[in-house]
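Excluded from the calculations below are hydrogen atoms, water molecules and symmetry mates; all remaining heavy atoms, backbone and side chain alike, are included. A note on names: the letters A, B, ... follow the listed sequences, proteins ahead of strands, and every chain is numbered from 1.
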Amino acid sequence: GAGVSQSPRYKVAKRGQDVALRCDPISGHVSLFWYQQALGQGPEFLTYFQNEAQLDKSGLPSDRFFAERPEGSVSTLKIQRTQQEDSAVYLCASSFPFFSRTDTGELFFGEGSRLTVL
Amino acid sequence: DAKTTQPTSMDCAEGRAANLPCNHSTISGNEYVYWYRQIHSQGPQYIIHGLKNNETNEMASLIITEDRKSSTLILPHATLRDTAVYYCIAGGYGNKLVFGAGTILRVKS
């Protein structure tokens, strides 16, 4: 696709429900990042994939958060037993590998999935 | 990643240059300065980045001081559509970006 696509754009969940958020990165992009953005704050890093390998998950706030990218393209962020503090916009970004001579190092972000937990 | 400090908000008149400062006094030698902006309800958008030299592209110019402890993003002719939150980030090339709170730029007619 032309850009990073995220779905659903909006999700309302009852406290305790499980949710899954999908990210379709730009075709061919090796790196994929997930961020969480609370209202009025800057995005906070959650986790990073290079192809299918999850190289950094230091930002995941608890073991209720799980991310996967099994075939090195589409990624899913799963939140189990959602809590009200999980309400936020979840942003996905992708980028070329750093060794590409045409790469600026920029991250291409999707429009995000807004999760509201009631 | 080095921490950055930016003013909370700034105003700019439409058509004038917007100069957004950023302090990154603890930046290390291999860290780049990246600028992104986020318009309401959208994901962040890359603007420009640099290591040591000043940089210019179709969107903006980036001026980095010789000691690399601070930088300024310049939007030469701000328009109402440039109203957004602007993030200055110091980080390694290809690494995760650590966002701060950014600067809210309001362009006024």
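When the shell of 6.0 Å around CZ of A/Arg9 is examined, it contains more than 12 heavy atoms from other residues, nucleotides or ligands. By the 6.0 Å contact criterion, CZ on B/Arg106 is enclosed, its count of non-hydrogen atoms from other residues, nucleotides or ligands being greater than 12. Remark: B/Glu14 CD is packed, more than 12 non-hydrogen atoms of other residues, nucleotides or ligands lying under 6.0 Å away. Enclosure of atom CG in A/Leu118 by more than 12 non-hydrogen atoms of other residues, nucleotides or ligands within 6.0 angstrom is indicated. Counting non-hydrogen atoms of other residues, nucleotides and ligands closer than 6.0 Å to CD1 of B/Ile74 gives a total above 12.
For chain B, the nearby part of A/Gln37 is the side chain; its heavy atoms alone come within less than 4.5 Å. Neither the backbone nor the side chain of A/Thr47 comes within contact range of chain B, judged by heavy atoms closer than 4.5 Å. Using a 4.5 Å cut-off between heavy atoms, A/Leu107 contacts chain B through both its backbone and its side chain. Of the two parts of B/Gln38, only the side chain, counted from C-beta on, holds a non-hydrogen atom closer than 4.5 Å to a non-hydrogen atom of chain A. Using a 4.5 Å cut-off between heavy atoms, B/Tyr32 makes no contact with chain A at all.
The hydrophobic cluster containing B/Ile64 does not contain B/Tyr46, counting ILVMFWY residues as joined when their side-chain heavy atoms lie under 4.5 angstrom apart, directly or transitively.
Within residues 59-75 of chain A, no residue has any heavy atom under 4.5 Å from a heavy atom of chain B.
Here the closest heavy-atom approach between residue B/Gly43 and residue A/Leu91 is recorded as CA-CD2, 4.0 Å.
Contact count versus chain B (heavy atoms, under 4.5 Å) is highest, among A/Pro43, A/Gly110, A/Gly112, A/Cys92, for A/Pro43.
You'll find the side chain of B/Gln42 stays beyond 4.5 Å of the side chain of A/Phe109, heavy atoms only. Counting heavy atoms from C-beta outward, A/Tyr35 and B/Lys96 have side chains that approach closer than 4.5 Å.
From A/Gln41, atom CD reaches atom CZ of B/Phe99 across 13.5 Å, with rounding to the nearest 0.5 Å.
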